[in-house]
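Heads up, the thing below is written out as structure tokens.
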Number of protein chains: 2
Amino acid sequence: MPKTPPGQTRNRVFRFVRDCLLRGDSPSLREVQRRFGFRAVETVRAHLTALVEEGRLVKEPGRARGYRLPKRFSSPAPDWSTGRLQPVPLLGEVAAGGFEEAIENPEGNLPVEIPDSRDLSDYFALRVRGESMSGAGILPGDTVIVERRGTPVSGQIVVALLEEEATVKRLHLGKDGMELRPENPDFDTLRPPPGSCRILGRVVELRRQLR
Amino acid sequence: MPKTPPGQTRNRVFRFVRDCLLRGDSPSLREVQRRFGFRAVETVRAHLTALVEEGRLVKEPGRARGYRLPKRFSSPAPDWSTGRLQPVPLLGEVAAGGFEEAIENPEGNLPVEIPDSRDLSDYFALRVRGESMSGAGILPGDTVIVERRGTPVSGQIVVALLEEEATVKRLHLGKDGMELRPENPDFDTLRPPPGSCRILGRVVELRRQLR
DNA sequence: CAGCATAACAGACATTTGTCTGGTATGCCA
DNA sequence: TGGCATACCAGACAAATGTCTGTTATGCTG
């Protein structure tokens with residue numbers, strides 16, 4: 001019965017459970033027990049209930065493997081809208097060939113957090129081609145996550161479908177109609193005639209891999 | 001005993017379980033049962049074992065709440081390195097105040113895919129402050145995901161700790177020592193004297209919210 | 001010292017959860 | 001018509017997991 005200084009084992013238990021939970025894998029009492037070589041399950045339970053009382057853990061009662069991290073742990077950031085993590089289909093570059101078909105055959109899925117109020121089918125992702133938005137920090141090869149819903153608002157960065165080709169531009173709605181403005185002086189503003197252009201959605205997130 | 005067309009219920013069950021798992025919360029058979037109003041647990045088990053056989057789910061045997069998503073699910077795209085989805089701690093901006101303490105008290109966590117060969121503790125995230133890297137498409141407010149491991153390589157974008165302050169710059173190693181080059185003509189290259197600067201890691205991913 | 005809190009053990013017990021075996025109904029197809 | 005597969009139900013059972021009650025030891029403190 002080796003007795004350790006107060007709080008020391010408790011901390012080690014906490015770190016272990018926390019790491020499990022961050023891996024998305026709630027441990028059972030007996031798993032923790034084995035890990036630390038305790039000879040009684042109750043020892044673990046005492047530690048965990050203590051950790052819950054201290055507010056360092058949260059428990060869903062009446063449920064196997066019910067220990068969780070308190071909310072502040074899993075909420076990504078203050079301004080990040082808390083939502084569900086959902087697999088958003090990545091459609092590739094969607095050049096000529098059809099947008100609708102691409103929806104059916106995505107290249108893969110991206111784990112993206114979307115608000116609770118929205119539906120997964122409102123989102124898709126595209127890879128950016130071309131330099132036309134580099135002034136806005138959107139570079140070729142980046143992936144943009146697009147939300148379909150809502151009326152297009154002037155000033156937003158949108159994905160527009162022009163002659164079976166998807167492009168990322170900043171939308172401007174004026175009295176002369178719609179303008180799609182690049183953010184790069186080497187490119188020209190597009191003024192598509194009414195009916196020839198469809199706004200697929202607005203860009204809500206950008207991701208870039210630098211590996 | 002309402003019989004549904006083949007595969008239809010199966011798909012609905014799959015989507016439900018998948019969404020649970022993406023939320024990091026493996027459901028029990030009886031939870032799925034209640035959700036769909038089945039009157040037998042076995043019905044659920046039949047569906048789930050079928051889904052495992054189809055390769056759409058994976059199961060850890062001899063374990064409560066042991067259903068998981070197969071790896072490929074979280075691999076977004078061909079060139080995206082296949083890896084686990086892990087909650088990487090977001091440390092905020094890490095200005096003066098200490099880097100080590102920030103590790104212990106993250107602002108939140110970001111779901112990020114990291115290679116199987118790496119450890120979660122090798123990664124952290126930071127919010128970018130300042131315009132010094134805007135030429136590389138890294139803007140203020142962006143979040144960079146940083147990998148600690150490995151020797152710094154010339155030409156990579158890194159996070160450096162200079163006088164208790166973290167900065168993102170492009171690293172250049174020459175015969176005159178280390179240079180930290182901004183990617184914006186308005187800023188000057190830094191040449192920190194040896195010992196006064198620590199490279200925390202290299203930027204492997206960038207995320208930006210535009211909501 | 002007595003009193004008290006903490007750390008740990010021991011084992012019984014209850015609940016949750018997964019597994020099994022067998023049955024009913026429906027549609028498809030040779 | 002008779003298999004045969006699929007969808008589903010029913011209930012028993014076993015394994016995993018959480019809960020409880022009681023005990024021993026250690027250190028601190030008045």
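Letters A, B, ... mirror the listed sequences (proteins, then strands); counts begin at 1.
In this structure, the nucleotide among C:dC9, C:dA8, C:dA7 sitting nearest to the side chain of A:His47 is C:dA8.
B:Thr43 has a side-chain polar atom (N or O) that falls below the 4.0 Å cut-off from OP1 or OP2 of D:dC9.
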How far apart are the C-alpha atoms of A:Ile138 and A:Leu206, what are their side-chain angles, what is the distance that settles it, and do they pass the side chain to side chain contact (heavy atoms under 4.5 Å, CB included) test? CA-CA 8 Å; A:Ile138 301 178; A:Leu206 174 123; 3.6 Å; yes
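Nucleotide C:dA10 holds its P atom 10 Å from the CD atom of A:Gln33, rounded to whole Å. Remark: C1' of D:dT6 and CG of B:Asn11 are 15 Å apart, rounded to the nearest angstrom. Protein atom CZ of A:Arg12 is 13 Å distant from nucleotide atom P of C:dA7, rounded to whole Å. Going from atom CD of B:Glu53 over to atom P of D:dA5 covers 14 Å, rounded to whole Å. Summarising the geometry, the separation between CG on A:Leu48 and C1' on C:dA8 is reported as 14 Å, rounded to the nearest angstrom. Between B:Glu42 atom CD and C:dC20 atom P the separation is 9 Å, expressed in whole Å.
The ring-ring contact (aromatic ring centres under 6.0 Å, His included) check on A:Tyr123 picks up nothing, with sequence neighbours excluded.
The pair B:Arg65-B:Glu31 counts as a salt bridge, with a side-chain nitrogen and a carboxylate oxygen less than 4.0 angstrom apart. Taking a cutoff of 4.0 Å between a charged side-chain nitrogen and a carboxylate oxygen, A:Glu205 and A:Arg207 qualify as a salt bridge. Under the 4.0 Å criterion applied to side-chain N and carboxylate O atoms, B:Glu179 and B:Lys169 are not assigned as salt-bridge partners. Classification of A:Asp122 and A:Arg148 as a salt-bridged pair fails, no side-chain N sitting under 4.0 Å from a carboxylate O. Residues B:Arg68 and B:Glu60 are paired through a salt bridge, judged by an N-O separation under 4.0 Å between the basic side chain and the carboxylate.
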In B/S/- notation, 5' to 3', how is nucleotides 12-18 of chain D contacted by protein heavy atoms closer than 4.0 Å? ----SBB
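Between B:Arg202 atom CZ and B:Ile157 atom CD1 the span is 11.0 Å, to the nearest 0.5 Å. In this structure, OG on B:Ser132 lies 12.0 Å from CZ on B:Arg170, to the nearest 0.5 angstrom.
For the helix from C:dC1-D:dG30 to C:dA30-D:dT1, the terminal axes (five pairs an end, C1' atoms, rotation from four pairs onto the next four) enclose an angle of 10°, given to 10 degrees.
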